[in-house]
Structure formats: C-alpha cells, structure tokens
Amino acid sequence: MLTDQNTAKHCLPVIRKYIDKLDNFDIIEINAGEESKNIDFCVGVWKMLIDYGADRESLLINLGGGVISDLGGFAASTYKRGIDFVHVPTTLLSQVDASVGGKTGIDLDNIKNIIGTFTQPKAVFIEHEFLQTLPARQILSGLAEMLKHGLITDAGYWNLLKNSDLKNPSAELVYHSVEIKNKVVIEDPHEKGIRKSLNFGHTIGHAIETYSLMNDENPLTHGEAIAAGMICEAKLSNMKAGLNDWELAEITVVIGGLYPKYNFDESCFDTLYGIMLKDKKNQSGKINCSLLTAIGQCRIDNVCTQDELYESLRYYSAL
Ligand SMILES: NC(=O)c1ccc[n+]([C@@H]2O[C@H](COP(=O)([O-])OP(=O)(O)OC[C@H]3O[C@@H](n4cnc5c(N)ncnc54)[C@H](O)[C@@H]3O)[C@@H](O)[C@H]2O)c1
Ligand SMILES: [Zn+2]
C-alpha cells in the first residue's frame, strides 16, 4: 500500500479492518505534497516494491490524494511492465477527479504531469468518511471540479450544488460527480474529443495556478485557481459561445462567493498569456478553450485570441 504521512495517520485506521484481512501486505509511506510526485520518489517506490518481493500478481493500493494516485498509478503501471493497482482516494479532488479516468503521472523539472501513462486502476473505492479530516481549503479545491461537472454537462446538478451545503458535500453529490467524470472518460479515454470538455476553466486556471506557484508564498490550490479560471472562461463563453448575460452573472456570483478573489492587474496579463502559450493542450500555437454554450452544455475547441483572453482577465480582475 502507498500512503503519505497524513493518509497513514488519518485514513489507514478507517480501513484497517479490511486491510487486516489480507494475507500479506506492506506499507510504503512517502512525504505528503506535490514535491513527492517526481522520478526520485518513483524510484523509491520501485525499490521498495523489489525489497518487499512484489511480483506480477501483486496489487498496489494507493491510499491518498491525487499525488498518491498519480505517482502510485505510474509506478505500478511501469513496474515489471505493469502490475494491478487500485485507488482509495482520500481528498475530495482525488475522489471526483484524479482517481477517475486512468491518467497516471509524475512531474519533471517543475513541468506538471509531463511523464505518465493512461492505465486504468482495477477499482476505485471511495469512503466518504475520509473527508472529515480533510482541511476546509482542500474541500473547496475538490468542489471546483464538482461545480465544473455541473456547468459542462448538467444544469440540474449545478442548481442542486448551488443550493447545497458546499462546505461539506454529501456522499450523493460526490457520487454524482464521479458518474459524470466516468461517463465522459469512458466515451473518450484518450482526450480526442468530449473529454476536452473537462478542461473548462483550466486553460486560464492553469496559468493562474502556475503564476501563483511562481509568485506567492502561500500559493493557490488547484481548485482556487480553477475557480478563477472558470469565471474568466465563463466570460469568454459569453463573448464567443452563446452563454447569456444572466448565466454569466450567476456563475460569477456563485463561484465568486465561494472562493477568495485572486488579485492581479493588467501588468500580469502578459505573463499569464506567456504561460498559456506553453500549455500542453495547445495545438499549432493556438490557445484552445472549452466553453459553455449554456449552463450544462459545453463546446470544445474554441480558439481564443490574445485580445479575447485579456478581456476575460479584465472582467475577473475588475470584480
Ligand atoms: N490523474 C488525473 O486525472 C488528475 C486529475 C486532477 C488532479 N490530479 C493531480 O492530483 C494532485 C492533487 O491532488 P490532491 O489535491 O488530492 O493533493 P494531495 O494528494 O497532495 O493531497 C492534499 C493534502 O491533503 C492530505 N490529505 C489527503 N487525504 C487526507 C485526509 N483524508 N485527511 C487529511 N489530510 C489528507 C495530503 O497528505 C496532502 O497534504 C496533483 O498532482 C494533480 O496533478 C490528477
Ligand atoms: Zn482540475
């Protein structure tokens, strides 16, 4: 089993009664955080698997957030040309997003997820109780992906979410988000078409996330950056894809009310644009966004110009 020190402390006891039924198991514990999602830690995991005598019949159980599922999935999918693994996601983000869809990976030289595989876990087991020990900021981080699921596929779900207690999302809401992500990735496992809709908010959101990582002492979480990105891309949707003014206002008020405003001004736009140009989702140097034609409907492959992107950033920064 792969854990980090937080999931070994908070989550392992919750599932201990099941684990103790296994004939033979060992624990590999790594440091918590994105800094562990690299080749050095992966080599460490491979070496521990060798030390513990893991063979082709062995199973790796990834107990943790997205760092553990990405790293553990990658280590398992390459060890002895691939052994089975299951995910037991313990953060809201990993439950509704990272553990579903078969993407594994590690970072290299601060380039996120640049090395990886598409390999499906044998199963994903979600235990809602894990969320009780998760810090509020981490809950909000995962919540951004749930809001995105409603915005891109399901207006009814968006309405349900906006009227729910979002500081403490219910197991039913988590389940519904998993269903949405699962349906999209089954239809398009390798992101040739519909899976790109999951990138709504992420073209600008990733740039804001990277910018914050480079400049802030206490950088934004992924979800906080995506929340800002979704407001910007809702504005682009309003400019280019038919999202009406009323829907734009609603998205701005709901998301703006949940997440702290990230302050940046016009002097940062060139840097943000430079980061967007390097995004691995781009093709032929054009910046592509997945945009909303209405709440609950998404259209992929919208090329956005520099002027349009700046206008959407201006909309957000003036809020
Ligand atoms: N593969 C994919 O499709 C995909 C999708 C989205 C994100 N990701 C990846 O996921 C990673 C982010 O995932 P994350 O936000 O889960 O980060 P994380 O794994 O770093 O977890 C966040 C923090 O919460 C702690 N933690 C985990 N579960 C806990 C619990 N139940 N109680 C208390 N503390 C707990 C962790 O130890 C860590 O300190 C990024 O590396 C991102 O690239 C992958
Ligand atoms: Zn995301």
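Each ligand, and each atom within it, is numbered from 1 in the order the structure gives. Owing to the predicted nature of the structure, the values given are computational and were not obtained by experimental measurement.
Looking at Glu145 against ligand 1, nothing comes within 4.0 Å, counting heavy atoms. At a heavy-atom cutoff of 4.0 Å, ligand 1 is contacted by no atom of Thr221, backbone or side chain. Of all the heavy atoms of Lys103, the ones lying under 4.0 Å from any atom of ligand 1 are found in both the backbone and the side chain. With a heavy-atom cut-off of 4.0 Å, His222 does not touch ligand 1 at all. If you look at Cys11 next to ligand 1, the close heavy atoms, those under 4.0 Å, all belong to the side chain. The residue Gln5 has no part lying near ligand 1, judged by heavy-atom distances below 4.0 Å. Under 4.0 Å from ligand 1, the heavy atoms of Asn113 that appear belong solely to its side chain.
Here the heavy atom of the protein found nearest to atom 36 (C) of ligand 1 is Asp4 OD2, 3.5 Å. From the protein, the heavy atom lying nearest to atom 17 (O) of ligand 1 is Gly66 N, 4.0 Å. Nearest protein heavy-atom contact of atom 28 (N) of ligand 1 is Thr90 OG1, 2.8 Å. Taking atom 39 (O) of ligand 1 as the reference point, the nearest protein heavy-atom neighbour is Asn6 ND2, 3.2 Å. Looking only at protein heavy atoms, the nearest one to atom 9 (C) of ligand 1 is Asp70 OD2, 3.4 Å. Here the protein heavy atom with the shortest distance to atom 12 (C) of ligand 1 is Leu93 CD2, 3.7 Å. For atom 33 (C) of ligand 1, the nearest non-hydrogen atom of the protein is Thr133 O, 3.2 Å.
Salt bridge status for Glu145 with Lys181: absent, with no side-chain N to carboxylate O gap under 4.0 Å. The residues Glu311 and Arg314 are annotated as not salt-bridged, no charged nitrogen and carboxylate oxygen being separated by less than 4.0 angstrom. Salt bridge status for Lys192 with Asp188: absent, with no side-chain N to carboxylate O gap under 4.0 Å.
Side chains of Ser94 and Ser99: a donor-acceptor N/O pair is absent below 3.5 angstrom, by distance only. Under 3.5 Å, the side chains of Ser58 and Tyr52 contain no donor-acceptor pair of N or O atoms.
Both Tyr262 and Val254 are members of a single hydrophobic cluster when ILVMFWY side chains are connected at heavy-atom separations under 4.5 Å.
Evaluated by nearest non-hydrogen atom to atom 26 (N) of ligand 1, the leading choice among Val185, Ile68, Leu131, Leu134 is Leu134. In this comparison of Gln95, His202, Gln138, the heavy atom closest to atom 22 (C) of ligand 1 sits on Gln138. Remark: among candidates Ser141, Pro135, Ala98, Ser36, the nearest residue to atom 5 (C) of ligand 1 is Ala98, based on non-hydrogen atoms. Distances from atom 40 (C) of ligand 1 to the heavy atoms of Glu127, Glu34, Arg137, Glu35 show the closest one on Glu34.
Checking only distances, Lys112 does come within under 3.5 Å of ligand 1, N or O to N or O. By the 3.5 Å distance cut-off applied to N or O atoms, Asp97 is not counted among the residues near ligand 1. Backbone and side-chain nitrogen or oxygen atoms of Val67 are examined, and one is located within less than 3.5 angstrom of a nitrogen or oxygen of ligand 1. Considering backbone and side-chain N/O atoms, Phe130 comes within less than 3.5 Å of an N/O atom of ligand 1. Below 3.5 Å of separation, one finds an N or O of Thr91 facing an N or O of ligand 1.
Within Glu145, OE2 is the N, O or S atom that lies nearest to the Zn ion (ligand 2). For His202, the N, O or S atom closest to the Zn ion (ligand 2) goes by the atom name NE2.
The number of heavy atoms from other shown groups lying within 6.0 Å of NZ (Lys261) is above 12. At most 12 heavy atoms of other shown residues, nucleotides or ligands fall within 6.0 angstrom of atom OH in Tyr175.
Arg299 pairs by the side-chain hydrogen bond (donor to acceptor under 3.5 Å, both in side chains) definition with Asn302, not counting sequence neighbours.
Note: Tyr310 and Phe269 have perpendicular aromatic rings, judged against thresholds of 30 and 60 degrees for the angle between ring planes.
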